[in-house]
Enquirer: 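Quick one: structure below, then a few questions.
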2 protein chains.
Amino acid sequence: MAQNQVSTLKKGLLVLELVKQCQGITLAEVMKELQLSKSTAFRLLTTLEDMNYIYKIQTQYFSGPKLFQESTENRSAKDWAALHSIYQVAQNLQMGTYLGKVDGTDLVMTQVLHAPFQHSADEEMGNRSKLHLSALGKVILAQLDEGKLNALLDKMSLEPATANTFQDTQLFRYHLKAIHQDGYAFDDEERNVGIRCVAVPVFRNKEVIAALAIAAPAKQISKSNIKQIATKLNVGSKAVTKELEVLDGN
Amino acid sequence: MAQNQVSTLKKGLLVLELVKQCQGITLAEVMKELQLSKSTAFRLLTTLEDMNYIYKIQTQYFSGPKLFQESTENRSAKDWAALHSIYQVAQNLQMGTYLGKVDGTDLVMTQVLHAPFQHSADEEMGNRSKLHLSALGKVILAQLDEGKLNALLDKMSLEPATANTFQDTQLFRYHLKAIHQDGYAFDDEERNVGIRCVAVPVFRNKEVIAALAIAAPAKQISKSNIKQIATKLNVGSKAVTKELEVLDGN
DNA sequence: CTGTGAAGTTTCAAATAATGAAACTCGCTT
DNA sequence: AAGCGAGTTTCATTATTTGAAACTTCACAG
């Protein structure tokens, strides 16, 4: 019996799971399957029935619709816009928050949150840019292994967007190394004048799968608080990873 | 506290339902909402989390995917083919079992079961016939109120299918009155030579909504056992009604 | 650095609830 | 009528739950 578990609740949930697995099950079968006395099985089943988790037709119990009702949160696994962890980051930092993934040689926004951080910014989701042009894209590139990075750089033609952008692949690789070392990427008004951005990688099974970033007016992000912001982003990144694992049933 | 309920299980399920309703909830909020001590709330939440019903991201709990996983039975509310009660009737009587509904002036088969009564007979489902030509259709007509019956009969042209069928509406109405009185309709090889059929109505909110029937070789259905079969069908009919109510969240 | 408060976790005696053997009820079959 | 199986209830014993309080950890402010 693991610590801090309520064994009676656990028992009841095991009964529920058994009923859910079966195309109908009788009281006697529940007794036998879970080694319960008749009256215990009866009471557990009755409680589940009274609370509408199961129903009974003649001698058999079946799982009821309550198990399949959607919660207030409407989502499926791997729906990035539904991840609670991203909302938590946004609310914690009180800055625009972004999650982006790789699609070919592009960075695609899969979640964008602006104040009051309750709903996705639908009009910005799906926005694309070349990987090397944003902090999100660069922090992902910085975490790729040599082979994958080479393959991606081969596919990309580096084009300058602003005077601050790197034109030479070799210099770009050094830049990525620095980002890798820092653990975050910093965008200093390179994409939008007056806006700064900090991005960190999101990992899954030791591989980078996405990037998590905040963006805010330049006066909110200074040399003195970048490290702090990056630390909080990393906490959020780990929470995203965990949430994905849970939602995938790992 | 109602009888035969396990209060600890109930408490745990109330916690689960609260978590499911909220876009994230903290231990403190659960305590407050359900008037539980800190350690009790903690243990209930921990048990639910350990069994994968909920998950925790930093200080907040969210409902997990386990609640939405489909059970072995794949179905939605009002999917007639998914009703367990019909399977129970078939297995009890060990005869071909049918459920039919009204569509316009037709009787449509919405579930058909043959031995070994594990799967729907898909090729027969959706089969249509005129209401007056089958025991299922007739038992439905027999339970309609005068106005609805008149409206339906007006829309229908009665055509003989076999020599045993009624050609005259007046006689047909008497026939329906007899069926109403009996509480079941009996098809004596009128549709298929060698096959007999017994059908009863299925009610919902005091209105006939469908018909439930069995069909078998003539030697399995005799004058002496019709009443018995009809009684069992009526039990099944009530079980169908109940199951529909449960699935509709009544 | 210290102190504070909040969240998380654990302890343990008292209180409460769960348990299960057995009795009872009901319906069906022989 | 008796027997059987399913469903329901009883009640003394046992096990579990409960909650106050202690402890731990963390973040933040001064």
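Side-chain atoms are counted along with the backbone in the values below, which use heavy atoms only and exclude waters and symmetry mates. Quick caveat, the model's predicted, so the values are computed rather than measured. Lettering follows sequence order; numbering is per chain, from 1.
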Enquirer: What is the distance from CD1 of B:Ile25 to C1' of C:dA7, rounded to the nearest Å?
Expert: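 Distance, rounded to whole Å: 15 Å.
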Enquirer: Taking only side-chain nitrogens and oxygens of A:Lys11, does any of them come within less than 4.0 Å of OP1 or OP2 of D:dA15?
Expert: no
Enquirer: Could you give the CG-to-P distance, from A:Asn4 to D:dT17, as a whole number of Å?
Expert: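 These atoms are roughly 12 Å apart.
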Enquirer: Would you please name every residue forming a side-chain hydrogen bond (donor to acceptor under 3.5 Å, both in side chains) with B:Gln143, sequence neighbours left out?
Expert: none
Enquirer: Quick one, B:Gln220 with B:Arg196, criterion side chain to side chain contact (heavy atoms under 4.5 Å, CB included). Give me CA distance, side-chain angles, the key distance, then yes/no.
Expert: CA-CA 8 Å; B:Gln220 278 184 258; B:Arg196 287 176 176 160; over 6 Å; no
Enquirer: B:Leu27 or A:Leu44: which one's nearest nucleotide on DNA chain C is closer to the 5' end?
Expert: B:Leu27
Enquirer: Across nucleotides 20-30 of chain C, 5' to 3', mark each nucleotide with B, S or - according to how protein heavy atoms within less than 4.0 Å reach it.
Expert: BB---------
Enquirer: Measure CD/B:Glu49 against C1'/C:dG8 and give the value in whole Å, please.
Expert: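 Spelled out: CD on B:Glu49 to C1' on C:dG8 is 12 Å.
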Enquirer: In whole angstroms, how far is the P atom of C:dA6 from the NZ atom of B:Lys32?
Expert: 13 Å
Enquirer: Should A:Val89 and A:Val240 count as side-chain neighbours, where that means a heavy-atom distance under 4.5 Å?
Expert: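 A:Val89 does not reach A:Val240 side chain to side chain.
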Enquirer: Rounded to whole Å, how long is the line connecting atom CG of A:Asn225 with atom P of D:dC28?
Expert: 14 Å
Enquirer: Rounded to whole angstroms, how far apart are CG on B:Leu9 and P on D:dT16?
Expert: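 Interatomic distance, CG of B:Leu9 to P of D:dT16: 16 Å.
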Enquirer: If you take all heavy atoms of B:Asp188 and B:Phe186, which pair is closest and at what distance?
Expert: CB-CE2, 3.7 Å
Enquirer: Report yes if the side chains of A:Leu136 and A:Met109 come closer than 4.5 Å at any heavy-atom pair, otherwise no.
Expert: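 In contact.
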Enquirer: Establish, with yes or no, whether the OP1 or OP2 oxygen of D:dT16 is under 4.0 angstrom from a side-chain nitrogen or oxygen of B:Thr8.
Expert: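 Checking D:dT16 against B:Thr8, no side-chain N or O comes under 4.0 Å of OP1 or OP2.
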Enquirer: If you take all heavy atoms of A:His114 and A:Ala121, which pair is closest and at what distance?
Expert: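 Closest approach of A:His114 to A:Ala121, heavy atoms only: CD2-CB, 3.7 Å.
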Enquirer: Measuring from atom CG of B:Leu113 to atom CD1 of B:Ile86, what distance do you get when rounded to the nearest 0.5 angstrom?
Expert: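 Taking CG in B:Leu113 and CD1 in B:Ile86, the distance rounds to 7.0 Å.
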Enquirer: Roughly, in whole Å, what's the span from NZ in A:Lys56 to C1' in D:dT8?
Expert: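 Rounded to whole Å, this separation is 9 Å.
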Enquirer: Using whole Å, what does the distance between atom C1' of nucleotide C:dT9 and atom OH of B:Tyr61 come to?
Expert: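 Atom-to-atom, B:Tyr61 to C:dT9, this comes out as 10 Å.
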